[in-house]
Amino acid sequence: MSSTDTRMKVSVWRGDHEGGEFQIFDVPAQDSQTVLDVVAWIQQNDDPTLSYRFACRVGMCGSCAMMVNGQPRWTCRTHVKKVLKDNCIEIGPLRNLPVIKDLAADMDPFFEKWVKAEGVFHPSKTRNDQIEEIDPASVQRVKADAGIECINCSVCYASCDTVAGNPDFLGPAALNRAWTLYNDSRDAGSRKILDAVSGAGGCHNCHSMGSCAHFCPNGLNPMDAIAGLKRATAAAFFRRRT
Amino acid sequence: MPLKSDIDRHDTDILILGTGGAGLFGALHAQQSAPPGTKITIAVKGLIGKCGCTRMVQGGYNVALGHGDTVERHFMDTIVGGKWLPDQDMAWRLCEQAVVRVRELENEIGCFFDRVADGSLHHKAFAGQTADRTVHKGDLTGIEIINRLMEQVLARPIEKLQEHRAVGLIPTKDGSALAGVLFIDMRSGKFRFVRARTVLMATGGGPTMYKYHTPSGDKTMDGLAMALRAGLPLRDMEMVQFHPTGLLAGDHTKMTGTVLEEGLRGAGGHLLNGNDHRFMYDYDTRGERSTRDVVSRGIYSEMRKNNSSPNGGVFISMAHLGPDIVAKKFKGMVQRCADSGFDLAGGKVEVVPTAHYFMGGVVVDVDTRTAMEGLYVAGEDAGGAHGSNRLGGNGVANSTVYGGIAGDVMGRDIRAMTALRDPDENILSAEIERARRPFGKPVGNVQNLRRVLQDAMWDDVGVMRTEQGLISGLKKIATVATDLQDIGVDPSNLAFNLTWHDWLNLASLVDVSEVIAEAALARENSRGAHFREDFPDQGDLETSYFTVARKTAEGLRVSRDPVRFTIVRPGETVLPEGEPETLVQAAR
Amino acid sequence: MLDIRLYLLQRLSALVMAPLVIGHLAVMIYAIQGGLSAAEILGRTQGSFAWATFYGTFVIAVSVHAAIGLRVIAHEWLGLGARALSVLTWIAFLVLVWMGVRAVWAVTAPGGVA
Amino acid sequence: MIRPHRTHPLWYAFILHRVSGALLALFLPAHFWVLSMALNEAARLDGFLAWTDMPLVKFAEFGLVFLLAVHFFGGLRLLALELMPWTSRQKTLAAGAVGLSVLVSGTFFLQAV
Ligand SMILES: Cc1cc2nc3c(=O)[nH]c(=O)nc-3n(C[C@H](O)[C@H](O)[C@H](O)COP(=O)(O)OP(=O)(O)OC[C@H]3O[C@@H](n4cnc5c(N)ncnc54)[C@H](O)[C@@H]3O)c2cc1C
Ligand code: HEM
Ligand code: SF4
Ligand code: F3S
Ligand code: FES
């Protein structure tokens with residue numbers, strides 16, 4: 001690929017919550033070009049009304065996720081070379097979320113579930129206390145660390161068929177956060193967390209189909225986290241009975 | 001003058017602009033300190049917690065919490081690093097409160113900072129520090145801080161106005177106080193005016209008017225442009241910090257300008273020019289390990305001599321340290337480069353200095369109050385704490401410390417503000433018309449014009465400055481300003497219309513660019529981030545001044561105000577006698 | 001649409017079935033050699049309390065398990081709501097138990113056709 | 001049906017488990033019905049059993065046993081994943097479960113013909 005006059009066919013979903021369709025654009029190919037660059041090029045040079053979202057452009061904010069050739073991806077860190085097929089790319093809004101316009105999805109349901117899963121630290125100390133000493137190699141800490149670097153990009157959420165079929169399902173990211181907190185020795189809300197993930201939309205709906213772990217751009221494994229929650233809730237269930 | 005367009009009106013008690021470290025802390029603390037029943041609203045240009053630069057913090061957070069470090073030492077480093085220009089009371093408060101804020105982040109918000117084997121916090125030393133002071137979560141500290149803050153805010157009864165862009169601070173008719181803020185609801189394209197008793201502006205500066213820049217895409221100096229139009233004084237506006245190693249990958253990609261971390265140089269990375277010559281020792285005895293400003297100028301000089309790489313920068317090379325070791329030690333960076341098609345571990349990657357942080361900002365007191373009643377400013381929008389240079393690790397400390405203070409102070413002040421204020425409808429109307437300006441004009445390419453501004457700022461108001469260059473830069477900025485007024489945007493569908501926002505972004509950038517260039521002209525010496533080739537000396541420290549710019553009826557005015565040495569004078573120190581110069585092992 | 005109770009029921013029933021399935025598969029592989037006949041089957045099972053318990057447990061477990069399984073599928077693929085799902089789960093469970101118990105009775109009741 | 005976001009081993013394992021479970025559940029009433037004939041209509045049961053000797057029917061039976069085996073081993077895999085605190089090597093296990101199922105049902109099929 002050189003920056004001369006190679007061009008590619010990019011088919012972009014246009015529309016809003018009422019529906020829409022793909023529209024084809026002819027975009028110049030460049031070296032070092034990400035899918036986000038392609039989308040931005042279209043908006044800046046071909047169709048000024050194209051809507052999409054991004055912020056950090058380096059894979060830290062999780063705002064730019066879209067469906068690329070039918071797979072959810074962070075577009076700012078997806079090189080065109082990785083997804084170009086027969087000189088074509090298809091780009092659509094993230095799956096499993098309402099569309100605001102074109103490629104911009106409404107992430108509110110995702111974050112509502114994050115909070116609903118009690119994915120919010122429950123303090124046991126205050127700013128006047130010393131910082132707790134924690135052995136970074138302790139078993140609990142290692143478990144918490146495994147899922148802590150989630151950027152809430154919703155890629156896992158978009159990949160999960162259980163989310164698609166079961167609108168109440170809290171989804172992989174929220175449950176991954178709940179599990180991380182459950183293992184955080186400083187968190188005082190383990191009981192709350194277990195209750196929050198045991199309801200009709202809770203962790204027990206996950207079928208371990210693993211798309212979440214397969215697509216997570218940061219290599220996290222929400223499937224593991226959810227399995228952990230299943231064990232913890234089951235153990236607590238029997239403990240409370242007896 | 002009656003409004004020409006139909007707008008939405010909305011009331012709240014405490015309004016917060018922005019969801020970086022400053023905005024989110026402002027919201028949380030306001031919620032803790034305001035009387036029960038106070039309505040708090042947080043409005044942001046992107047999604048809550050998913051935009052802004054705090055999230056992009058890699059290195060970490062400066063706090064005197066161990067290894068013999070003290071608030072005094074942190075303070076002295078901040079003053080010396082800022083070349084005696086910081087407002088000393090602000091700097092002191094920053095260092096003192098950072099200790100409380102980090103404990104709050106750990107104990108109440110739930111951030112987990114890295115520990116060493118004995119379970120205590122891990123501290124590392126950024127360049128320019130005399131103690132191991134920087135706490136961090138790997139090299140993704142900002143994500144940890146913002147994610148945790150975001151959760152707390154999302155879980156609270158705080159009204160959320162997402163994808164709401166602030167476009168104007170609207171004062172009362174007599175101009176004595178702030179009445180509210182005008183927004184565009186970006187999702188629908190509609191205007192919304194929100195009245196509030198107090199407003200925290202935490203929109204985070206962000207010098208993205210330079211060809212190469214690091215901040216996130218939503219940051220375009222909107223806050224400072226609004227403050228300027230509202231007549232507020234802005235200080236230290238010439239102070240733009242450049243990070244020496246931004247990725248260079250061509251004009252067409254957003255990856256260009258993004259940071260390749262400081263640690264690469266620290267670990268022994270080589271900077272090579274286009275002829276494969278390791279040039280940094282030609283400029284400084286510390287070579288690549290020199291401070292940000294020195295390395296930036298070294299690279300810039302090579303570029304000007306045309307000793308540059310294919311895309312016009314230089315190379316960073318790590319391979320001599322062993323590709324496997326590099327790949328392990330800088331996993332995130334190597335992976336990021338690989339995603340973009342570059343081999344950082346084994347090959348050479350093109351880099352260029354890149355505009356990183358804005359030290360200038362609105363003049364505020366240590367309680368974040370401004371000259372306008374009801375308006376508070378914190379974070380990168382506020383000037384004073386860093387002077388001419390910001391220490392690595394002091395940026396996020398500043399935004400979280402002062403955001404929290406703003407929340408506390410607003411929660412207190414609001415008790416004395418019984419009523420909402422009515423806006424000056426004329427100004428409201430004028431601000432709406434200003435934002436609607438491109439409608440009906442022939443449609444043009446905003447991005448190309450932004451490039452013109454970015455080139456001008458890079459060439460003439462950038463890493464190295466001269467009077468001649470600055471004057472030429474000002475002319476170019478003025479041309480861009482005129483051209484922008486003639487570029488149209490098709491108004492037929494304003495919902496999520498990014499092109500309209502590109503136009504508004506550029507309008508903010510142009511306004512602030514002019515102030516940067518004027519302030520740079522006014523400073524006839526070289527301090528910290530500001531380097532004048534025609535005035536390379538730092539000037540007399542005792543008579544240090546800072547610049548204050550303000551828009552008046554006659555146009556932009558820049559004055560020089562003397563720095564008040566309220567805590568320590570040049571040549572003195574607040575450290576007890578006999579304290580070692582530095583506690584950092586490697587530096588001793 | 002699976003809370004922890006239904007989840008545990010489904011997993012427990014699966015655990016109960018695990019050894020039974022092995023047994024069942026083994027018997028079938030053994031029995032099918034040389035073809036099946038009613039007499040052969042019944043000769044083995046009729047009047048056997050052990051076989052009745054074996055298959056009785058199997059029937060109960062599978063009814064619970066499959067009813068809950070069908071409920072999940074009906075929710076995710078057919079979009080059935082909470083009320084319809086409860087109805088479906090119960091109907092599936094009752095139909096399976098009823099037919100299953102009849103079948104077990106038929107093959108294990110003492111003094112049958114052989 | 002198999003859209004791009006589904007093209008990985010664990011999703012195939014999931015769909016196999018679901019389809020086999022559903023088919024088994026649907027087949028089960030028929031199975032019970034046939035057996036319940038034993039009570040008073042052994043002759044009819046015999047007729048039925050003779051019918052099952054036909055190759056096509058044999059093949060269908062092979063399918064059923066295959067379903068049970070596949071669902072069984074897949075189910076064991078899931079229970080292991082959920083109940084035991086080890087989790088990696090999932091893909092290998094999924095493949096292993098399917099492989100084992102084919103083996104078992106294959107044995108059954110060979111026995112039967
Ligand atoms: C790549 C990078 C790395 C960095 N690393 C470090 C580091 O290691 N250590 C350190 O101390 N500092 C670091 N910094 C600096 C630090 O990130 C900032 O100093 C600090 O986070 C600024 O916080 P803030 O809250 O003021 O602004 P931000 O976090 O930038 O937040 C600004 C908010 O305002 C919103 N906003 C902007 N305009 C409008 C508008 N018109 N209407 C409504 N909302 C608006 C934005 O969307 C955003 O939500 C780094 C910066 C960058 C870019
Ligand atoms: C003939 C007997 C069986 C029938 C009719 C049956 C039927 C079903 C059905 C319909 C489902 C729902 C599938 C889904 O949710 O995707 C299911 C799920 C399940 N089955 Fe079975 N099953 C049987 C035997 C078994 C056995 C013997 C085991 C284990 C050893 C087992 C383990 C499981 C598990 C773990 C699930 C949950 C899968 C999930 O939630 O994704 N099943 N079964
Ligand atoms: S778990 Fe991974 S895919 Fe899911 S939101 Fe977090 S970072 Fe994104
Ligand atoms: S993709 Fe969905 S079903 Fe479970 S394993 Fe992941 S959440
Ligand atoms: S733009 Fe932030 S993750 Fe892509």
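Chain letters run A, B, ... following the sequence lines, proteins first, then strands; residues in each count from 1.
Only the side chain of Glu144(B) comes within contact range of chain A, with at least one heavy atom under 4.5 Å from a heavy atom of that chain. Residue contact with chain A, scored on non-hydrogen atoms closer than 4.5 Å, is absent for Ser492(B). Heavy-atom distances place no part of Val153(B) under 4.5 Å from chain A, backbone and side chain included. Interface residue Thr258(B): backbone and side-chain heavy atoms are both found under 4.5 Å from chain A. Looking at Asn218(A), there are no atoms closer than 4.5 Å to chain B (heavy atoms on both sides), in backbone or side chain. Looking at Asp102(A), neither its backbone nor its side chain comes within 4.5 Å of chain B, counting heavy atoms on both sides. Contacts of Lys137(B) with chain A are made by side-chain atoms alone, with heavy-atom separations under 4.5 Å and no backbone atom involved. Using a 4.5 Å cut-off between heavy atoms, Leu121(B) contacts chain A through its side chain alone, with no backbone atom that close. Within the 4.5 angstrom heavy-atom criterion, only backbone atoms of Cys111(B) (N, CA, C, O) approach chain A. The contact between Arg336(B) and chain A is made by backbone and side chain atoms together, counting heavy-atom distances below 4.5 Å. Looking at Leu154(B), both its backbone and its side chain come within 4.5 Å of chain A, counting heavy atoms on both sides. With a 4.5 Å cut-off on non-hydrogen atoms, Asp502(B) touches chain A through its side chain but not through its backbone. The contact between Gln335(B) and chain A is made by backbone and side chain atoms together, counting heavy-atom distances below 4.5 Å. Both the backbone and the side chain of Val102(B) come within contact range of chain A, with heavy atoms under 4.5 Å apart. With a threshold of 4.5 angstrom between heavy atoms, Ala117(B) approaches chain A through N, CA, C or O but not through any side-chain atom.
Taking CG from Leu498(B) and CZ from Phe54(A), the interatomic distance works out to 8.0 Å, rounded to the nearest 0.5 Å. The distance from atom CG of Asp139(B) to atom CE of Met60(A), rounded to the nearest 0.5 Å, is 7.0 Å. A distance of 12.5 Å separates CD in Gln447(B) from CH2 in Trp41(A), rounded to the nearest 0.5 Å. Note that CG of Asp339(B) and NE2 of His79(A) are 9.5 Å apart. Values are rounded to the nearest 0.5 Å. Taking CE of Met255(B) as the start and CZ of Arg77(A) as the end, the distance is 10.5 Å to the nearest 0.5 Å. The structure places NZ of Lys101(A) at 12.0 Å from CE of Met186(B), a figure rounded to the nearest 0.5 Å.
Between chain A and the residues Val489(B), Val100(B), Asn147(B), the largest count of heavy-atom pairs under 4.5 Å involves Asn147(B). Between chain A and the options Arg101(B), Gln58(B), Met150(B), Lys45(B), the largest number of non-hydrogen pairs under 4.5 Å is found for Met150(B). Counting heavy-atom pairs closer than 4.5 Å to chain B, the top residue among Lys82(A), Lys125(A), Gln44(A) is Gln44(A). Contact count against chain B (heavy-atom pairs under 4.5 Å) is highest for Cys61(A) among Pro123(A), Cys61(A), Ser138(A), Ser51(A). For the set Leu50(A), Asp187(A), Ile148(A), the entry with the most heavy-atom pairs within less than 4.5 Å of chain B is Ile148(A). Among Asp114(B), Asp218(B), Leu140(B), the residue with the largest count of heavy-atom pairs under 4.5 Å with chain A is Leu140(B). Counting heavy-atom pairs closer than 4.5 Å to chain B, the top residue among Asp106(A), Asp145(A), Asp184(A), Asn152(A) is Asn152(A). Counting heavy-atom pairs closer than 4.5 Å to chain A, the top residue among Asn107(B), Val99(B), Leu494(B), Ile48(B) is Asn107(B).
For residues 127-137 of chain A, heavy-atom neighbours of chain B at less than 4.5 Å comprise Arg127(A), Asn128(A), Asp129(A), Gln130(A), Ile131(A), Glu132(A), Glu133(A), Ile134(A), Asp135(A), Pro136(A), sorted by residue number.
Side chain of Arg55(B) to main chain of Ile151(A): a donor-acceptor pair is present (N/O by atom type, distance under 3.5 Å, no hydrogens or angles). With hydrogens and angles disregarded, a donor-acceptor distance shorter than 3.5 Å links the side chain of Arg57(A) to the backbone of Thr214(B). Using modelled atom types, one side-chain atom of His252(B) and one backbone atom of Asp31(A) make a donor-acceptor pair closer than 3.5 Å. At distances below 3.5 Å, at least one donor-acceptor pair connects side-chain atoms of Arg186(A) with backbone N or O atoms of Glu106(B). Checking side-chain atoms of Ser216(B) against main-chain N and O of Cys56(A) turns up no donor-acceptor pair under 3.5 Å.
Within a 6.0 Å sphere centred on NZ of Lys254(B), heavy atoms belonging to other residues, nucleotides or ligands number more than 12. No more than 12 heavy-atom neighbours from other residues, nucleotides or ligands sit within 6.0 angstrom of NZ on Lys192(A).
Defined by atom type and a distance below 3.5 Å, a donor-acceptor pair is present between the side-chain atoms of Thr253(B) and Asp37(A). Using modelled atom types and a 3.5 Å distance limit, the side chains of Glu108(B) and Thr126(A) yield no donor-acceptor pair.
When every heavy atom of Phe121(A) is checked against every heavy atom of Ile109(B), the shortest pair comes out as CB-O, 3.3 Å. Heavy-atom minimum distance, Phe496(B) versus Tyr52(A): CE2-O, 3.4 Å. Here the shortest heavy-atom pairing between Pro48(A) and Asn497(B) reads O-OD1, 3.9 Å. The minimum heavy-atom distance linking Lys50(B) with Ser63(A) is given by the pair O-OG, 3.2 Å.
Looking at Met56(B) and Val58(A), their side chains come closer than 4.5 Å, going by heavy atoms from C-beta outward.
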Using the side-chain contact (heavy atoms from CB on, under 4.5 Å) rule, take Val115(A) and Glu151(B) through it: C-alpha gap first, then chi angles, then the decisive distance, then the call. CA-CA 7 Å; Val115(A) 172; Glu151(B) 293 162 2; over 6 Å; no
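For the pair Arg141(A) and Phe112(B), the distance from NZ or CZ to the six-membered ring centre is under 6.0 Å and the angle to the ring normal is within 45 degrees.
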